[in-house]
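Chain naming here is simple, since letters A, B, ... match the order of the sequence lines and numbering starts at 1 in each.
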Amino acid sequence: MSNYTKDYSMPELMAVTVAREIRDGELAFIGVGMPLMAATVAKFTHAPNFNMMVEYGAVGPAPLRLQMCVNCAVNNERAYFAGSQREVMGAQQSGFVDVACISGAQIDKYGNLNSTCIGDYHHPKVRLAGSGGANDLASSASRTVIMMRQDGRNFVNQVDYLTSPGHLGGPGERAKAGLVGGGPAAVVTTMGVYRFDDETREMYLEKIHPGVDLEKLKAAVQWDLAISPDLVLTELPTEEQVMVMRTLDPLAVYLGTGRQTLSGDFEAFMKMFEDSYQPMVQLMRSKGMM
Amino acid sequence: MSNYTKDYSMPELMAVTVAREIRDGELAFIGVGMPLMAATVAKFTHAPNFNMMVEYGAVGPAPLRLQMCVNCAVNNERAYFAGSQREVMGAQQSGFVDVACISGAQIDKYGNLNSTCIGDYHHPKVRLAGSGGANDLASSASRTVIMMRQDGRNFVNQVDYLTSPGHLGGPGERAKAGLVGGGPAAVVTTMGVYRFDDETREMYLEKIHPGVDLEKLKAAVQWDLAISPDLVLTELPTEEQVMVMRTLDPLAVYLGTGRQTLSGDFEAFMKMFEDSYQPMVQLMRSKGMM
Amino acid sequence: MRFQPIPIQEGIAKPPAYKIMTAKEAITKFVQEDCYLGMTVSAAPASLIWEMVRQRDRIKTLDLVITSQIGMSSVLIGSGLVRKLEMGYNWGGIEGEDKVFRRAVEKGIPRPLEVEEYSNYGAAMRWLAASMNLDSIGTKSQLGSDIVKYNPKIKVIDDPYTGSPVSMVPASRPDVAIIHAARADEIGNVQCLGLYGNTDTLARAAKHVIVSVEEIITSAEIRRMPNLTTIPYYYVDAIVHSPFGAHWRESTYYYHHDLPYGLDVYRQFATQEGYEAWADKYVHGTKDWNEYCQLVGYDRLNRLRLSENKYQKFGEVR
Amino acid sequence: MRFQPIPIQEGIAKPPAYKIMTAKEAITKFVQEDCYLGMTVSAAPASLIWEMVRQRDRIKTLDLVITSQIGMSSVLIGSGLVRKLEMGYNWGGIEGEDKVFRRAVEKGIPRPLEVEEYSNYGAAMRWLAASMNLDSIGTKSQLGSDIVKYNPKIKVIDDPYTGSPVSMVPASRPDVAIIHAARADEIGNVQCLGLYGNTDTLARAAKHVIVSVEEIITSAEIRRMPNLTTIPYYYVDAIVHSPFGAHWRESTYYYHHDLPYGLDVYRQFATQEGYEAWADKYVHGTKDWNEYCQLVGYDRLNRLRLSENKYQKFGEVR
C-alpha cells in the first residue's frame, strides 16, 4: 500500500504527517486549512472510522466538497450531528476529543503557543486573530498536534503572549493550573516533527523533513534544541494520500495558491466544484463511504 | 358572552377561577391536572394568544386530546418548540414565564408552600413528592397562582417544610434571598380566592365561593385571616368554560372520578379518545385553531 | 473497502462501532453492584428497568439519581435495589400517590431509602455541570427554601461578580445512564423526538450510556437531518432495540400512555405484596421485553400506537 | 374567531405577535447609540450589518460582543461604529488576514478599538450564563494562559466543592442580538438548520433579538417538527425577510459561500480607502438588501444556491 511519491509540496508533506497522528476510531477537533486536509487524508486512508468534530457544531461530516470555514454549510453535509458550539466544546472540555490540531505564530520549548499578538499586548506590532478555539483545545483535548511554519523567528524562548497552553513551565504545571487535557503531543513544521520528553516536557526533534539541513533547523530554534538519538527522516506521502488531497482541493486553496486564483473569479470557483464533483463521488464510492 | 352556569363542580369552579388569572398573550408554565384544565379554558376563551410551557420541554402545544403528564407525547402535539427541560427552565429562571400554577399540601400566610413531607423531614408522617418544578417556578416566575384544597388543616402558621418560597417572612425577604421572580399573586382554594397585601405581603381573602360560609372559611385558617373590605363572591363559570373542560376531558380524569373509571379499563380509555376526537376538532375549528 | 465498525476501545469517546445488544447483555455488562445510576423518564426506559429488576440478586444495590420521576422509579425502589435517591421529584403523576416511595421513606420497606433533595432545575443543573466537566454550577432556585436547609450539598454563595446569592449544586456524574429514545443507528447516534427533558445532559454526564430505542435506523437516515441528533455516538455504549420499550408510559410519535394499565399497577403497588405480585408476573415472569409485551398483548400495544398516530406522526401535522 | 396576533407589550417574554419588519425598521427601532450588540456568524447577519452601517451617522457607537467572527465584523469595524470588541477570535478565515481589525487595534483607524479577550468557549459561556440568568459561569479553558492575565474580568477561583481551579467568566447580556437563520414564522419561531454555533444562547442572552431569515414559513410548518425550533418566539422581537441574507457567506441548505467575492472584498479591505470604496458602492450605494443583491447579481446568487442544493437540500441526502 505504501507507494511513496516524490511528487508533493511541503504543505502536502506537513498535512500527511499530521494525518498520521490521527488513529482509526478517534474523534478529532478539526479546523479548516491544513488540519482539514490532514483529516481528510486520514479518513480516506488509514483511519476510515475516525470522525471530525467542527467548532460551530458538527460531528462526522462526510462532504463531497471542500469546507470553507468552521461554520460552513459544507460541515453539515451528511454529518451525524449538527447543532451548537456548546455541544462540541462541552464534549471537548469533558475529554471526548482524542486529538485536536492547532497552530500559532510563536511557540516555546514547552509547546506554549501565541496566536494573539506580536510585541506588547497593549501596543502590538502585529495584532493576530486571538485564541479562537485554540486555547480551549490546548486546555482540554486529550492531545494536540501543532502545525506551524518554522521561519527562523518563531521558535522562541518566550512567547509574546501565551494564548494556548502547552506544558506551561514544565512537568506538573498543567495539572497545577487545573488543565484537564494532555497537552501537545507533536509539532509538525516546515522543517521537521517534534515531540515532548515525558520527563522534562521539553520539545525534541524526532524527525527531519527530506532535504532540510539539520544545522539550519537548529538555527531556526532560539533555545538549545534536543535531538532524538533515533532521528529519522519524515516518512514521505504516498500516492494515495496526495491523490486524496488533490481530489478534494484541486486548486490547492489550502495548501497552495488557490486563494489567489479564485479572488474575484466566480467562474473559476463554480468550475472547481463542477470539476471535483465526479472525482469525489468516485473516491467516496471506492472507499465505501457512499 | 358571559352566560353563567350553575352546572359546575367545585374543581371546575377552581379551574375557571385560575383560568381568569391568565392574560392573553402571556406565557404560562403549566403542569397537568387542574392547571392544565385552567390553561385550556383560558386558551379557548379569553386568552387565545396565551401559550403553555411544559416542563419536560414543550412550548405552545395545541393538542386535540388530554395531556397525561408533563413529559407526555401529547405536549408535543403541534407545539412550537419541543426539546429539553433546560430550555423551558432556563427561560423561566430568566423571567420569561409570566405566570405559573403550583400547589402544595400546606401553605402559610406568606404563601410559602410545602409539598415535601408532613411531620419531621427525617422521620416524616407522610412523605410527599418533593419540589419538582414547584420550587423553581415559585422562585423565578413573574407571578405564581397557587391552587389547593382547603381542608381545615393545611392553612398553617408554619409549614413543616418550606418547599416553594412565597413571600418568605414578609416584605423584602424574597429579594434578600436572591429570588428573581415576583412570588405568589393569588391562591385559589376550594373555599375562596386569596391575594397578598402589597405592603405586608400577607394573604387576605378577596373572594369567597358561592355557598361557602365565611366563618367556616376563617376556621379553616390557623392564623387571623384578613378579609378584603370589598369581599365579593367568586365569579361563576360560563357555559362555554365548562363546555371546554368537558370536551377535552369528558370522563373528568383531572376534575372528577375519571381515574377510578379508567383503572384497568382499556376499552373505556380507547373510547374516551374516540369520543372526544370529533368534538375537539370542532372546538378547535370554531376557534380558528386548526 | 467498506467502512467497518471497529471494536470498542478504552477511552472516553466511545468509537463509532456496532453497539446493538440485548437489554440483558447491556445491563450485565455495565450495571454492577453499587452502581450510581442516572435515569430520566422521557421516555421511560422500562425495558432496561425491568431487566435490572430481573438481575436484582446480582446487582444488589443502586444509588439512583433522577430529576423528576413519574412512576418508573417505583419499580426499582419496590424491588429493593435502591439505597439512595438523589432527586427533585418522585411521585406517580396522573397515576397518583407513589406508595412505593412512601413505604421506603416512611417505613424502610423493602429497604431504607436515603433521599438527597433538590428542585427539579437544581437536580437538572447537576447533569448540565457534568456535561461540561464542571464540578458545580449555580441556580437561582432553592434560595430561601428548606431544600437548602436539609441538603448540605447545596451551597449558597455570593456570585463573585455581582454578590447576588446563588445556590450551587455539585455535578452529578452517574456511572451508568439508562435512557429510552425514539431512534438510533447501530453506532449509537440517538434521536429523541418530541420532549426529552434532561436526556441530553444525562447522556453527556454519565460514564456509560445505555439507550433503548423504538427503532433502529440507518446512519444515512441520521445523516439526512443531523439537526435531530440528540446524543451523538461518542457518548453511547449500548443500543438496545426495545419496541414499545417505554410501556406503560408513552413514546412520542410511537404510542400513547397506557393509563388504565398504569392506574392498575399503582393500585397494586399500594402494598408491598401487591408490588411483588405484579413484579413476579410481569418482570420475573417474563424473560425479556418481548415476553413482557406478549403478556401485555401486542394487540393492545398496537392500539396505543394507532391512537398516537391518529394525532401525530413524525414529520406530519395531523 | 381567528387567532389574531396581539400588539407587542412591555414585558420580558415577547408575545406571539406579528413580527415581520424590514431591516431598516428593525435596526431603527432596536439599535441605538452605545448599543451593546451581540452577533454570531453562523450564518452571518449580513443584511442587518449592512443596514447598521447605512445608519452609522445615527447609531454612532457600538460595543460589540462575539465569540468568533470570520469576516463580517470587519464591515462593522471598518465603518467606525465599533468602540469595543469582546471576543474570542476575529479574523478573516479562508479570506485571510483581517486588516480592518489590525488597523483598528494597531493604529486606531478608523477609530481606536478596545479589545476584551476570552477563549472561544469562554466567550460562549458568557451567553450560556446569561441565557439561564446566572451572573457568571466557569470553564476549564483559559487556565494558565495570558488570556487570564490580560483580562481582569476573568476570575480564576477554586471550585467550592473540589477546590479545582476554574476560570469564571461574567455573563454577557447584549442589548440587541442580530442573527441570521434559515426559517421563521411570522410570530418569531426560528429554525436554524445546520450548524448554528452559539446562536441559540445568544438569542436567550440578549434583551432584544432581531433575526433575518432566508424564508418565512407558516406556523403549521413550525408545528410539523417542533424539535427543529432553535429559538422560540418569546425571545424574538423582529423577523426580517432577507433571502441570500448572509452573502458573501453561506447559508446551509440555501447557498454556498461566495469565496471569490469574499477574497476580493478582503483584498480591498487592505486599506481603509479600499474599505470605504467597497462600502460606498455595496452598502451606502444600495438602499436595502434587495438592491445589494441586484448589485451582486441574482444570477450569481442563484448559481450559489444551485451549487449548494446539488450537495445538500433540507430533508434529503444527496
Is there a salt bridge (charged side-chain N to carboxylate O under 4.0 Å, His left out) between C:R183 and C:E214? Walk through the geometry before answering. CA-CA 6 Å; C:R183 333 193 292 176; C:E214 296 294 335; over 6 Å; no
Measuring from atom [atom1] of [X] to atom [atom2] of [Y], what distance do you get when rounded to the nearest 0.5 angstrom?
X	Y	atom1	atom2	answer
A:E173	A:L179	CD	CG	10.5 Å
C:T67	C:Y121	OG1	OH	12.5 Å
C:T252	C:L193	OG1	CG	8.0 Å
C:W127	C:L202	CH2	CG	4.5 Å

Quick one: what part of A:V97 sits under 4.5 Å from any heavy atom of chain C, side chain, backbone, both or neither? neither
Which answer fits A:A62, side chain, backbone, both or neither, if we ask what part of it has an atom under 4.5 Å from a heavy atom of chain C? both
At a 4.5 Å cut-off on heavy atoms, which part of [X] comes close to chain A: side chain, backbone, both, or neither?
X	result
C:N227	both
C:D185	side chain
C:A130	backbone

Step-by-step salt bridge (charged side-chain N to carboxylate O under 4.0 Å, His left out) determination, C:R223 to A:E77: CA-CA 8 Å; C:R223 290 183 185 282; A:E77 207 178 304; over 6 Å; no
Count the heavy atoms of every other residue, nucleotide or ligand shown that sit under 6.0 Å from CD of A:E199, and state whether that count exceeds 12. no
Report the relative orientation of the aromatic rings in C:H208 and C:F30; use parallel for angles under 30°, tilted for 30 to 60°, perpendicular for over 60°. tilted
Any residues in residues 79-92 of chain A near chain C, with a heavy-atom distance under 4.5 Å, and which are they? A:A79, A:Y80, A:F81, A:A82, A:G83, A:E87, A:G90, A:A91
